[in-house]
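All remarks here apply to the structure that follows.
All residue numbers in this chain count up from 1 along the given sequence.
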Amino acid sequence: MASGGEQKVVLITGCSSGIGLRIAVLLASDEQKRYHVIATMRDLRKKDRLVEAAGDTYGKTLTLLSLDVCSDDSVWQCIDSVKDRHIDILINNAGVGLLGPVESISMDEMKRVFETNFFGTVRMIKEVMPDMKKRRSGHIIVMSSVMGLQGVIFNDVYTASKFAIEGFCESMAVQLLKFNVKLSLIEPGPVHTEFETKMMQEVAKMDYPGADADTVRYFKDVYIKSSIDIFEALGQTPEDIAKCTKKVIESSQPRFRNLTNSLYTPIVAMKYADETGGLSVNAFYNLLFNFGSLMHITMSILKCLTCSCLRRRTISPD
């Protein structure tokens, strides 16, 4: 297994599908063969899709290891199996979602989200960071979300986990600068993956014990319908996010925060423009509950636009 030299060792978590898979394949397929990709996943029985997508790179510039980010032992064993424990680039992609009224979500489900999205990422950074600091070289990439910057209704716990990782990384980035180690957040908006599609289909059919009838109705009839509109109009592909991640890796001065979809920039700007928080809260409330029909029309127009030129301009940063 390559380590050091011309070829950079890249370890990626959560590569069985979606964004992680596409990042792994894109870097392993680099024409200049600048990367040796260690693609990891919790269950190696789910490797077939990655192996097929990797093609000739599998076993050459791409290797596969088992890794559960929720297990101290699994993380240690995985990193320890890498030659000299040398990792140039760590891409923290593994994550889980959680959607629905808080009243219907158990505390165990909430803890599971934080165990993966927050503590799983922290666990990886803790294991890899000491070697990077010692070498005074390395790049840590964390797959965050626009929901780490702006709260979204009925995504309360998932949003909280992303807010937590944003705060952790913002603090950690300052220390790492002293050791010449870079830290970058990738912040996608909606991304078209099988995971998202399946989740939307499942939550629409579920019962939500503990939640009042009005809340369930708002969730199913208002939020889910609006979400589908937004995904169809503004959604990017895992390939888009992979390309953005590669740009960040190859930048001579990578940004700390990287919104992948420039259409979300005004939303983030609106939040930070008003220290009271009322502007963004009221704006989202009105969009969802008072101007739902207008938003549907707006999203339909955007869907037409983003099918061509506008969508091509939403892969940031340049």
Side-chain angles (χ1 to χ4, degrees), residues 1-2 7-31 33-70 74-75 78-79 81-82 87-97 113 116-117 120-121 124 128 139-145 158 162 165 184-201 231 235-250 258 260-261 311 314-315:
M1 186 177 294
Q7 199 173 48
K8 291 187 176 181
V9 178
V10 185
L11 188 140
I12 310 170
T13 67
C15 293
S16 61
S17 63
I19 294 170
L21 184 153
R22 297 320 312 178
I23 295 174
V25 171
L26 182 65
L27 294 181
S29 303
D30 180 66
E31 290 184 0
K33 293 183 170 55
R34 289 172 290 179
Y35 308 106
H36 178 87
V37 176
I38 303 170
T40 73
M41 61 186 69
R42 186 174 56 181
D43 185 357
L44 288 179
R45 290 174 296 182
K46 296 182 179 179
K47 69 179 182 179
D48 291 352
R49 188 177 300 174
L50 173 62
V51 171
E52 181 181 355
D56 292 341
T57 66
Y58 182 63
K60 296 176 183 175
T61 53
L62 186 146
T63 56
L64 190 58
L65 290 177
S66 172
L67 171 62
D68 180 358
V69 299
C70 296
S74 178
V75 169
C78 179
I79 302 303
S81 70
V82 177
I87 294 167
D88 296 292
I89 302 167
L90 169 65
I91 302 179
N92 297 280
N93 170 73
V96 294
V113 170
T116 302
N117 295 359
T121 298
M124 291 300 302
V128 170
H139 196 170
I140 295 170
I141 307 281
V142 175
M143 196 60 60
S144 182
S145 168
Y158 176 79
K162 292 300 184 180
I165 204 62
S184 298
L185 291 160
I186 310 294
E187 296 159 328
V191 180
H192 294 291
T193 65
E194 290 183 11
F195 166 77
E196 294 288 352
T197 303
K198 184 178 179 182
M199 186 169 66
M200 285 290 187
Q201 291 171 344
F231 265 85
Q236 293 179 291
T237 66
E239 287 80 4
D240 291 333
I241 311 307
K243 289 175 183 176
C244 173
T245 304
K246 191 169 187 283
K247 282 184 180 181
V248 172
I249 288 171
E250 293 172 357
N258 299 272
T260 69
N261 194 325
R311 182 180 296 276
T314 61
I315 303 173

If we ignore hydrogens and angles and just use 3.5 Å, is the side chain of [X] paired with the main-chain N or O of [Y] as donor and acceptor?
{"X": "N93", "Y": "G14", "result": "yes"}
{"X": "H139", "Y": "L90", "result": "no"}
{"X": "T116", "Y": "V113", "result": "no"}
{"X": "T57", "Y": "L62", "result": "no"}

May I ask you to test the [X]-[Y] pair for a side-chain heavy-atom distance under 4.5 Å?
{"X": "P238", "Y": "V191", "result": "yes"}
{"X": "T40", "Y": "L64", "result": "no"}
{"X": "V75", "Y": "M124", "result": "yes"}
{"X": "L67", "Y": "T13", "result": "yes"}
{"X": "V69", "Y": "T121", "result": "no"}
{"X": "Q236", "Y": "C244", "result": "no"}

Go through it in stages, so that I can follow the logic: the residues are I141 and N92, the test is side-chain contact (heavy atoms from CB on, under 4.5 Å), and I'd like the CA-CA distance, side-chain angles, deciding distance and then a yes or no.
CA-CA 6 Å; I141 307 281; N92 297 280; over 6 Å; no
Gap separating the [atom1] atom of [X] from the [atom2] atom of [Y], nearest 0.5 angstrom:
{"X": "L26", "Y": "L21", "atom1": "CG", "atom2": "CG", "value": "11.0 Å"}
{"X": "I140", "Y": "L185", "atom1": "CD1", "atom2": "CG", "value": "11.0 Å"}
{"X": "S66", "Y": "K47", "atom1": "OG", "atom2": "NZ", "value": "11.5 Å"}
{"X": "S74", "Y": "D68", "atom1": "OG", "atom2": "CG", "value": "5.0 Å"}
{"X": "D30", "Y": "K246", "atom1": "CG", "atom2": "NZ", "value": "4.5 Å"}
{"X": "D88", "Y": "R34", "atom1": "CG", "atom2": "CZ", "value": "13.5 Å"}

The test is side-chain contact (heavy atoms from CB on, under 4.5 Å); show your working for R49 and S16 and say whether it passes.
CA-CA 7 Å; R49 188 177 300 174; S16 61; over 6 Å; no
Neighbour count above 12 (heavy atom, 6.0 Å) for D56 CG:
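No - once you tally the heavy atoms of other residues, nucleotides and ligands closer than 6.0 Å, there are 12 at most.
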Count the heavy atoms of every other residue, nucleotide or ligand shown that sit under 6.0 Å from CD of E250, and state whether that count exceeds 12.
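Enclosed.
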Could you point out which residue of T63, L27, L11, V10 forms a side-chain contact (heavy atoms from CB on, under 4.5 Å) with H36?
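Single pass found, and it is T63.
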T245, V37, I19 screened by side-chain contact (heavy atoms from CB on, under 4.5 Å) with I12, the one that passes:
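Considering T245, V37, I19, a side-chain contact (heavy atoms from CB on, under 4.5 Å) with I12 is found only for V37.
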Work out which heavy atom in [X] is nearest to a heavy atom in [Y]; give both atom names and the distance.
{"X": "T61", "Y": "A28", "answer": "OG1-O, 2.7 Å"}
{"X": "L65", "Y": "I38", "answer": "CD1-CG2, 3.5 Å"}
{"X": "G97", "Y": "Y158", "answer": "CA-CD1, 3.8 Å"}

V25 vs I23, test: side-chain contact (heavy atoms from CB on, under 4.5 Å). Steps then yes/no.
CA-CA 6 Å; V25 171; I23 295 174; over 6 Å; no
Could you give me the CA-CA distance, side-chain angles and deciding distance for T260 and E187, then say whether side-chain contact (heavy atoms from CB on, under 4.5 Å) is met?
CA-CA 6 Å; T260 69; E187 296 159 328; 5.9 Å; no
